[in-house]
Amino acid sequence: MAKKIFLVDGMSLVFRAYHAMSASKLSNSHGEPTWAVFAFANMLLSIIEREQPEYMTVVFDAQAKTFRHEQFENYKANRKAFPEDLQPQLLRIKELIDLLGIPRLEMPGYEADDIIGTLCKIATREKKDVLCVTSDKDYYQLVNEHICLYKPLKDTGTYEVVTAEMVPEKFGVPPHQVIDLLAIIGDTSDNIPGVKGVGEKTAIPLIQEFGTLENIYENLEQIKKDSLRKKLEENRDLAFLSKQLVTIHCDMDLPIGTNECKRGEMNKERLAEFISHLGLKQLRRRLNIPEESSKETPAPQKLDDSDPFAFPGAEGFAETIFKTIADVPHEYILVNTEDGFKNMLAEISDSPILSFDLETDGLDTMSCRIVGIALSTQESRAFYVAVDDNGELLQNQKLTDAAFKKSG
């Protein structure tokens, strides 16, 4: 039986984890966001527990521009800014991967797609079967008898194995024609233009009939619909440029092979500190890590940029992201008297905006108890309305009603 290697598209899983639990706003006792770390850990551990892979590597895009930016200046130009509350969590996720003993790879100038594509080629040559863990449709072009997709489904921690036979059903064309289809329809997430005005419904029959992008343009006279032929003619250069941009390069010069993708041992002592600092009790139980009460994990480690298994640009990053309440000027006012409540109402009544947050004793909205209300009308100044042991605000329901009328 061939050995299996799991190649994880790191950012694909990170963004999936970030959005899966973003509503929870889970954080530790220091206010550091942790929900993406928690969700990512569960996604990764679900694979490990189910598959027990001997070989697994998580691959990330590096921050530096790649050769695709040289081919097309506006490549990925329309992407939204990286979420501010994901930046510190990304460092924690990378730290977690290292502590779990899973090799982590990123290289300046290389995209994760190309690194994974090259490792796929190497693994196939070494008679290893590959499972690419990603939801990125570009990876359909890699699928063959030895390479499958391990595609995350809607429910966190569940996956679907996509084989070569399944690609036409999923994508409309077989794996060897995926590049040509993507060249026509483009990709808005990466700002790849394609042929303007031609979508999947039109492009799939074209590929099915002519086979390749080159063959389409060699036989334009056979396309009967004038409007379609005109769109193809006017966007010829963009179509061939798009084909270059969507093609995953599988011949990159990597400093490693698949042997370096072998899982190592967990660092249980550091994991205990890591979990204790982030307050991820469920993760502790899942990993069977003993409780660590005496130590805390510092800010994410500064990693060596020269190391291919490293995070380029991490130098000095933690200092700008991980701040405590002592580092930021603020005025937080505890409201636990009637006079304090009246003063707060007088101040917020003159403001055109009001933000508020309910502090609860749990994340289950059906059973948790409200323990306080935070209200703010400006940056770095806020009120916190105290709640007594019975869950009643200020022991005076009239004051509670007044607050909600004012805020609503």
Side-chain angles (χ1 to χ4, degrees), residues 8-49 58 80-97 99-100 133 135 152-159 271-287 289 291-292 296-297 299-300 318 321-325 328 332 354-376 379 382-387 391 393 404 407-408:
V8 182
D9 178 4
M11 290 312 302
S12 175
L13 230 59
V14 165
F15 277 109
R16 194 169 191 85
Y18 175 77
H19 292 296
M21 286 189 62
S22 61
S24 74
K25 298 301 179 187
L26 188 67
S27 63
N28 69 358
S29 59
H30 304 278
E32 179 182 338
T34 60
W35 71 86
V37 184
F38 179 67
F40 184 93
N42 283 325
M43 291 177 181
L44 202 60
L45 291 174
S46 67
I47 301 173
I48 294 172
E49 291 166 357
V58 184
K80 295 180 180 178
F82 197 83
E84 185 177 349
D85 51 11
L86 181 54
Q87 289 178 334
Q89 296 190 82
L90 178 58
L91 284 178
R92 290 298 189 193
I93 286 170
K94 292 180 177 182
E95 187 177 2
L96 173 64
I97 292 167
L99 295 176
L100 289 172
V133 183
S135 56
L153 298 178
K154 186 175 181 180
D155 294 331
T156 303
T158 58
Y159 298 86
L271 272 171
E273 299 170 14
F274 180 89
I275 291 170
S276 177
H277 178 80
L278 295 186
L280 303 177
K281 295 181 180 179
Q282 288 179 307
L283 186 57
R284 180 190 303 282
R285 291 192 291 269
R286 189 166 187 175
L287 288 170
I289 299 292
E291 187 167 356
E292 171 62 56
E296 282 206 348
T297 299
I321 294 299
F322 292 95
K323 294 182 178 180
T324 69
I325 197 169
V328 181
Y332 297 152
L354 173 67
S355 63
F356 70 93
D357 178 60
L358 296 180
E359 186 69 23
T360 64
D361 61 359
L363 297 177
D364 186 345
T365 56
M366 300 300 292
S367 61
C368 65
R369 185 174 65 89
I370 297 174
V371 297
I373 301 179
L375 302 103
S376 177
E379 186 177 356
F383 297 93
Y384 185 78
V385 182
V387 173
L393 300 178
F404 278 107
S407 63

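No hydrogens, no waters, no symmetry mates; every other heavy atom, side chains included, goes into these values.
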Trainee: Between A36 and L86, what is the shortest heavy-atom contact and its length?
Mentor: CB-CD1, 4.0 Å
Trainee: Is any side-chain heavy atom of L90 closer than 4.5 Å to one of Y18?
Mentor: no
Trainee: Between L26 and M21, which heavy-atom pair has the shortest distance, and what is it?
Mentor: CD2-CE, 4.4 Å
Trainee: Under a 3.5 Å distance rule, please check whether E32 uses its side chain to pair with a backbone N or O of L278 as donor and acceptor.
Mentor: no
Trainee: At what distance, to the nearest 0.5 angstrom, does CZ of F40 lie from NZ of K94?
Mentor: 10.0 Å
Trainee: Which residues pass the side chain to side chain contact (heavy atoms under 4.5 Å, CB included) test with S135, sequence neighbours left out?
Mentor: S12, R16, P152
Trainee: Are more than 12 heavy atoms from other residues, nucleotides or ligands located less than 6.0 Å from atom NZ of K25?
Mentor: yes
Trainee: To the nearest 0.5 Å, what is the distance between CZ on R92 and CD on E95?
Mentor: 5.0 Å
Trainee: Does the S376 side chain pair with the main chain of S355, one donor and one acceptor, at a distance under 3.5 Å?
Mentor: no
Trainee: For the atom pair CD1 (I47) and CG (N42), what is the distance rounded to the nearest 0.5 Å?
Mentor: 11.5 Å
Trainee: So, using side chain to side chain donor-acceptor pair (under 3.5 Å) as the criterion, who are the partners of E49 when residues are at least two apart?
Mentor: R286
Trainee: Could you pull out the closest heavy-atom pair between S46 and Y159, with the gap in Å?
Mentor: OG-CE1, 3.3 Å
Trainee: Considering all heavy atoms of both residues, which atom of A41 and which atom of L96 are nearest to each other, and what is their separation?
Mentor: CB-CD2, 3.6 Å
Trainee: Going through the distances and angles, do F15 and F82 end up as a ring-ring contact (aromatic ring centres under 6.0 Å, His included)?
Mentor: CA-CA 10 Å; F15 277 109; F82 197 83; 5.7 Å; yes
Trainee: Quick one: pull up CZ in R284 and CG in L271 and give me the separation to the nearest 0.5 Å.
Mentor: 10.0 Å
Trainee: Between L283 and L45, is there a side-chain heavy-atom distance shorter than 4.5 Å?
Mentor: yes
Trainee: For the residue pair I289 and F274, establish whether any side-chain heavy-atom pair is separated by less than 4.5 Å.
Mentor: no
Trainee: Locate the shortest heavy-atom distance separating A17 from W35; write the atom from each residue and the value.
Mentor: O-CD1, 4.4 Å
Trainee: Within the 4.5 Å heavy-atom criterion, are L100 and L287 side-chain neighbours or not?
Mentor: yes
Trainee: Does any part of the side chain of Y332, heavy atoms only, come nearer than 4.5 Å to the side chain of F383, both counted from C-beta?
Mentor: no
Trainee: Are side-chain heavy atoms of I93 and L13 found at a separation under 4.5 Å?
Mentor: no
Trainee: I need the L280 CG to R285 CZ distance, nearest 0.5 Å.
Mentor: 11.0 Å
Trainee: How about H277 and N28: do any of their side-chain heavy atoms sit closer than 4.5 Å?
Mentor: yes
